[in-house]
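A short write-up of the structure that comes next.
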Amino acid sequence: MAAVAGLYKRSLPSPPAIEFSSPEGKLLFKEALEKGYMEGFFKLVSYYQTQSEPAYCGLASLSVVLNSLAIDPGRKWKGPWRWFDDSMLDCCEPVEKIKVNGISFNKLVCLARCNGAKVEAFHANESTVDAFRDYVMSSASSEDHHLIVSYHRAHLKQVHASLSAS
């Protein structure tokens, strides 16, 4: 089969990234689990969904979090099922606009709130690295307190901007 142009299975730049399924990734997971810093992981991974559009990383992250918190979307996803999906998160910004431009952190906060989540939003310039680490540790120790982080992949030697839930 001839090679096709595009992105496929790009290697994570290591350092700073560590592949989840690598021996080092597995060791970090085990250590975090043993120390109580993976409390929300199993709820989140139970509702994991891949983003349906390249610019929907924030929407997919939010869908996972909303579903893991057992927030009822109050409308059907497919058939009789009420479930959050990235294509349904449109109360603050039309999904067609997000499909083209992505979503800002503040719009994501708006979407979380209008879909029933209790949200505390922090920007990097409003906090310190130590305060952020404390917040990550607190969230990682909780089954019902999750953290969605907006970051720029270039700082991690990757391509494209991204949002991630933990």
Side-chain angles (χ1 to χ4, degrees), residues 7-73 77-78 81-89 102-106 108-109 111-113 115-166:
L7 301 178
Y8 176 73
K9 294 181 74 170
R10 296 197 60 170
S11 298
L12 288 173
S14 180
I18 298 167
E19 187 175 332
F20 184 64
S21 62
S22 71
E24 188 177 358
K26 291 175 184 177
L27 179 62
L28 288 170
F29 182 90
K30 178 180 180 256
E31 290 172 357
L33 187 63
E34 289 171 350
K35 293 178 181 178
Y37 293 125
M38 296 297 284
E39 296 303 307
F41 174 79
F42 295 100
K43 278 189 177 181
L44 289 168
V45 79
S46 295
Y47 295 100
Y48 178 79
Q49 55 188 274
T50 301
Q51 64 200 58
S52 63
E53 294 289 341
Y56 283 4
C57 49
L59 299 184
S61 296
L62 182 56
S63 294
V64 169
V65 169
L66 293 169
N67 287 321
S68 75
L69 293 171
I71 295 173
D72 186 341
W77 166 59
K78 292 183 180 179
W81 303 106
R82 292 193 315 266
W83 170 271
F84 284 102
D85 178 73
D86 58 13
S87 65
M88 298 169 57
L89 299 172
I103 191 165
S104 71
F105 179 73
N106 290 337
L108 189 72
V109 168
L111 284 172
R113 287 182 175 142
N115 282 287
K118 180 182 173 190
V119 178
E120 294 179 63
F122 303 94
H123 291 266
N125 63 349
E126 299 169 347
S127 187
T128 64
V129 170
D130 288 336
F132 174 73
R133 288 180 178 147
D134 289 344
Y135 204 74
V136 169
M137 303 277 279
S138 173
S139 295
S141 302
S142 172
E143 286 189 1
D144 59 1
H145 178 172
H146 302 297
L147 183 66
I148 296 179
V149 179
S150 175
Y151 62 96
H152 197 282
R153 287 181 173 255
H155 297 291
L156 298 176
K157 301 178 186 171
Q158 298 176 353
V159 295
H160 307 296
S162 181
L163 289 162
S164 177
S166 70

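This one's a predicted model, so the numbers in the text were calculated from it and none came from an experiment.
Nearest heavy-atom pair across N115 and I71 is O-CG2, 3.2 Å. Of all heavy-atom pairs spanning L33 and M38, the tightest one is N-CG, 3.5 Å. The minimum heavy-atom distance between E39 and E143, with the atom names listed, is O-CG, 3.3 Å. Minimum interatomic distance between A117 and L66 (heavy atoms only, all atoms of both residues): CB-CD2, 3.8 Å.
With sequence neighbours left out, Y37 forms a ring pair (Phe, Tyr, Trp, His ring centres under 6.0 Å) with no residue at all. With sequence neighbours excluded, the residues that form a side chain to side chain contact (heavy atoms under 4.5 Å, CB included) with N106 are S104, H123. Remark: S141 pairs with no residue by the side chain to side chain donor-acceptor pair (under 3.5 Å) rule, at least two apart or across chains. The ring pair (Phe, Tyr, Trp, His ring centres under 6.0 Å) search around F20 returns F29, not counting sequence neighbours. Residues forming a side chain to side chain contact (heavy atoms under 4.5 Å, CB included) with E19 (at least two apart in sequence, or on another chain): L12, S21, S22.
Within a 6.0 Å radius of CZ in R113, other residues, nucleotides and ligands contribute more than 12 heavy atoms.
Taken from CG in L62 to CG in L89, the straight-line distance is 5.0 Å, to the nearest 0.5 Å. With rounding to the nearest 0.5 Å, the separation of OG in S61 from CD in Q49 is 9.5 Å. Taking CZ of F42 as the start and OG of S46 as the end, the distance is 9.0 Å to the nearest 0.5 Å. Taking OG1 from T128 and CZ from F122, the interatomic distance works out to 11.0 Å, rounded to the nearest 0.5 Å.
Looking at D85 and L59, their side chains never come closer than 4.5 Å, going by heavy atoms from C-beta outward. Two residues are said to be in side-chain contact when any heavy atoms from C-beta on lie closer than 4.5 Å; V65 and I148 meet this criterion. C57 is listed as a side-chain neighbour of Q51, based on a closest heavy-atom distance under 4.5 Å. Between L111 and I103 there is a side-chain heavy-atom pair separated by less than 4.5 Å. Using a 4.5 Å heavy-atom threshold, the side chains of F84 and W77 count as separate.
The residues E31 and K35 are annotated as not salt-bridged, no charged nitrogen and carboxylate oxygen being separated by less than 4.0 angstrom.
Between H146 and F41, the ring center distance fails the sub-6.0 Å criterion.
A donor atom on one side chain and an acceptor atom on the other are not found under 3.5 Å apart for D86 and S63.
Among residues at least two apart or in separate chains, salt bridge (Lys or Arg N to Asp or Glu O under 4.0 Å) pairs with a member in residues 126-137 are D130-R133.
By the 30° and 60° cut-offs, the orientation of the rings of W83 relative to Y47 is tilted.
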